[in-house]
Amino acid sequence: MAQKPSIPKGMRDFSPEEMAKRNYIFNTIREVYALYGFSQIETPAMETLQTLMGKYGEEGDKLLFKVLNSGDYLSGISDEELCQRNTPRLAARLCEKGMRYDLTVPFARYVVMHRNELTFPFKRYQIQPVWRADRPQKGRYREFYQCDGDIIGSDSLLNEVELLHIIDDVFTRLNIRVAIKLNNRKILSGIAEIIGAPEKIIDITVAIDKLDKIGLDKVNEELREKGLNEDAIARLQPIILLDGTNESKLNTLRNVLAESETGIKGIEELEFILHKLSCQPLKAQLDIDLTLARGLNYYTGAILEVKALDVQIGSITGGGRYDNLTGVFGMPNVSGVGMSFGADRIYDVLSQLDLFPSDSLQATQLMFVNFGDKEADVCMQHATYFRAQGIRTEVYPEAAKMKKQMGYADTHHIPFVALVGESEIEAGKIALKNMTSGEQQLLTPEEAIKLIAQ
RNA sequence: GUGGAUGUAGCUCAGUGGUUAGAGCACCGGAUUGUGGUUCCGGGUGUCGUGGGUUCGACUCCCAUCUUCCACCCCA
């Protein structure tokens with residue numbers, strides 16, 4: 001007897017109901033992207049390791065799923081090499097492909113390869129799974145979907161504004177209340193500059209990012225450990241604890257960063273975005289948040305992150321401006337701004353708040369009960385007609401007991417059941433039962449369609 | 001990758017070093033051959049995650065391994 005089957009760690013099956021809910025999310029995001037003039041692309045599940053390696057830092061390289069070469073993958077490898085057991089080097093010899101880790105790097109590769117076909121600015125969205133050999137936890141999987149949208153080949157800050165509107169539209173449609181956190185990498189750089197530790201920018205942002213989690217004392221402690229002197233830490237305090245309206249935050253920053261050209265530039269960028277948004281306000285609340293650093297260090301300008309207000313969960317969307325997306329692939333000076341919706345976390349939010357609209361879950365609208373061969377023939381013809389009219393229709397395939405057939409309709413949440421037996425056939429009508437109210441009436445097919453369609 | 005928990009029926013979980021492993025819900029059959037979601041009757045559907053070990057005897061104790069979960073790391 002075969003063992004119980006299983007699936008790899010951190011990967012999931014999706015039931016019909018889960019798929020319906022997931023598609024509701026994907027469709028919403030797709031529609032909004034399309035409304036803003038984005039076009040969809042897809043890239044392969046695997047990329048060459050040459051494309052993937054070294055793009056996500058040391059940590060990222062470890063988390064890449066590598067794919068063993070096909071065929072005689074040991075040919076050309078000596079026993080000596082095998083015995084050395086140098087895992088990274090051996091992996092490089094045995095694997096030349098890897099599973100995509102995110103959608104941004106494959107997109108950069110895509111842009112470089114297709115640069116002659118593209119007209120810039122290029123606005124693309126991409127909804128595909130990515131794979132990471134991370135240790136799974138709740139809400140963290142080894143296979144999950146990202147829904148990326150990027151605008152590349154344009155330095156205009158209007159793109160940032162547009163992304164914020166897209167985010168606002170998506171979450172408005174999904175009925176999720178969110179707060180959008182906004183920051184600018186240039187401001188963070190300016191801060192590092194002012195306190196005289198520009199090379200510590202990563203350490204500082206990582207430490208500041210933990211404020212919510214570990215508190216001010218621990219953050220300062222960590223800064224100390226990272227080699228910042230007391231004077232620098234002291235100068236950081238007002239920045240770490242910055243509070244008030246977005247406007248007052250920017251004013252405070254303007255004073256603190258007066259001597260940093262970069263910092264002032266960052267402030268001006270944020271001011272521009274806020275000004276544009278004041279003409280066309282968002283429904284979501286928007287906060288300037290300096291603790292927002294984002295792990296990835298390729299961002300160079302605006303950084304954004306979205307949190308759900310009514311559910312305790314990590315960020316459900318993130319993004320920002322990067323100046324040199326394609327540089328590593330030999331195509332310099334392509335600037336872009338992009339973001340990624342975290343579909344799996346959005347799913348969790350909608351589930352917890354019970355916000356999936358019921359019509360997004362409904363599949364079949366009408367089921368014909370099967371009374372036997374002769375009746376079924378008539379039902380099949382009716383079904384063809386109903387389908388042609390756009391009604392999602394099925395005919396129960398067996399002349400099972402009425403109880404079983406009704407039970408089937410019930411568990412599948414089919415709102416209408418049609419009963420067509422001898423007497424109905426004779427009258428040329430169908431008995432249409434509303435499964436919610438229990439009411440039943442004798443109707444012509446046309447009348448039935450009208451009733452079901454409303 | 002580091003540290004710590006967890007795994008018994010489809011689901012949520014009881015259970016004891018000793019016969020044949022239980023409950024609720026779900027599910028299946030019947031009451032009911034043209035009417036579901038209510039009711040009544042009947043049914044346990046399981047290699048107790050997997051593989052070893054200790055023992056007269058292991059679901060229970062030990063080891064390994066896998067899964068899921070928690071914290072760190074990192075992140076969506």
Completion exercise
Dot-bracket for RNA chain B, 5' to 3', Watson-Crick and G-U pairs with both distances under 3.5 Å, [ ] for crossing pairs, | for partner on another strand, reads (((((.(..((((....[...))))((((((.......))))).)...(((((..]....)))))).)))))....
With a 4.0 Å cut-off on heavy atoms, is [X] in touch with a base, just the backbone sugar-phosphate, or nothing at all?
| X | result |
| --- | --- |
| A:Gly60 | nothing |
| A:Glu422 | base |
| A:Glu143 | nothing |

Practice task
Give the nucleotide from the list B:rU39, B:rC74, B:rA71 with an atom nearest to the side chain of A:Gln137.
Solution key: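 It is B:rA71.
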Handout entry: Any donor-acceptor N/O pair under 3.5 Å between B:rC74 base and A:Arg132 side chain
Key = no
Problem - Quiz item: A:Arg135 side-chain donor-acceptor pair to B:rU68 base, under 3.5 Å - result: no
Exercise for the section: Could you list by number each residue of residues 405-413 of chain A showing a heavy-atom separation from RNA chain B of less than 4.0 Å, or answer none if no residue does? Expected result: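 Contacts with RNA chain B under 4.0 Å: A:Met406, A:Gly407, A:Asp410.
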Problem - Of residues 426-452 of chain A, the positions that come close to RNA chain B - non-hydrogen atoms, cut-off under 4.0 Å - result: A:Lys433, A:Met435, A:Thr436, A:Gly438, A:Gln440
Determine the interatomic distance between [atom1] on [N] and the same-named atom on [M]; round to the nearest Å.
| N | M | atom1 | value |
| --- | --- | --- | --- |
| B:rA23 | B:rA14 | C1' | 7 Å |
| B:rG10 | B:rG4 | C1' | 30 Å |
| B:rU67 | B:rC40 | P | 44 Å |

Handout entry: Sequence neighbours excluded, every pair satisfying ring-ring contact (aromatic ring centres under 6.0 Å, His included) that has a member inside residues 426-454 of chain A
Key = none
Handout entry: ring-ring contact (aromatic ring centres under 6.0 Å, His included): pairs with one or both residues in residues 409-454 of chain A, sequence neighbours excluded
Key =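 Applying ring-ring contact (aromatic ring centres under 6.0 Å, His included) to every pair that reaches into residues 409-454 of chain A, excluding sequence neighbours, yields A:Tyr408-A:His412.
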Practice task
Decide if the gap between the ring center of A:Phe26 and the ring center of A:Tyr145 is smaller than 6.0 angstrom.
Solution key: yes
Exercise for the section: Flag the pair A:Tyr33 / A:Tyr125 as yes when their ring centroid distance falls below 6.0 Å, and as no otherwise. Expected result: yes
Practice task
Taking only the side-chain nitrogens and oxygens of A:Lys401, find out if one of them lies under 4.0 Å from OP1 or OP2 of B:rG30.
Solution key: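 So the side-chain polar atoms of A:Lys401 do come within 4.0 Å of the phosphate oxygens OP1 or OP2 of B:rG30, strictly under.
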Exercise for the section: Check whether any side-chain nitrogen or oxygen of A:Lys62 sits under 4.0 Å from OP1 or OP2 of B:rG1, and answer yes or no. Expected result: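 So the side-chain polar atoms of A:Lys62 never come under 4.0 Å of the phosphate oxygens OP1 or OP2 of B:rG1.
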Problem - Partners passing side chain to side chain donor-acceptor pair (under 3.5 Å) against A:Gln405 (at least two apart in sequence or in another chain) - result: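 Counting only residues at least two positions away or on another chain, A:Gln405 forms no side chain to side chain donor-acceptor pair (under 3.5 Å).
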Problem - Of A:Val420 and A:Arg140, the one whose closest RNA chain B nucleotide lies more 5' - result: A:Val420
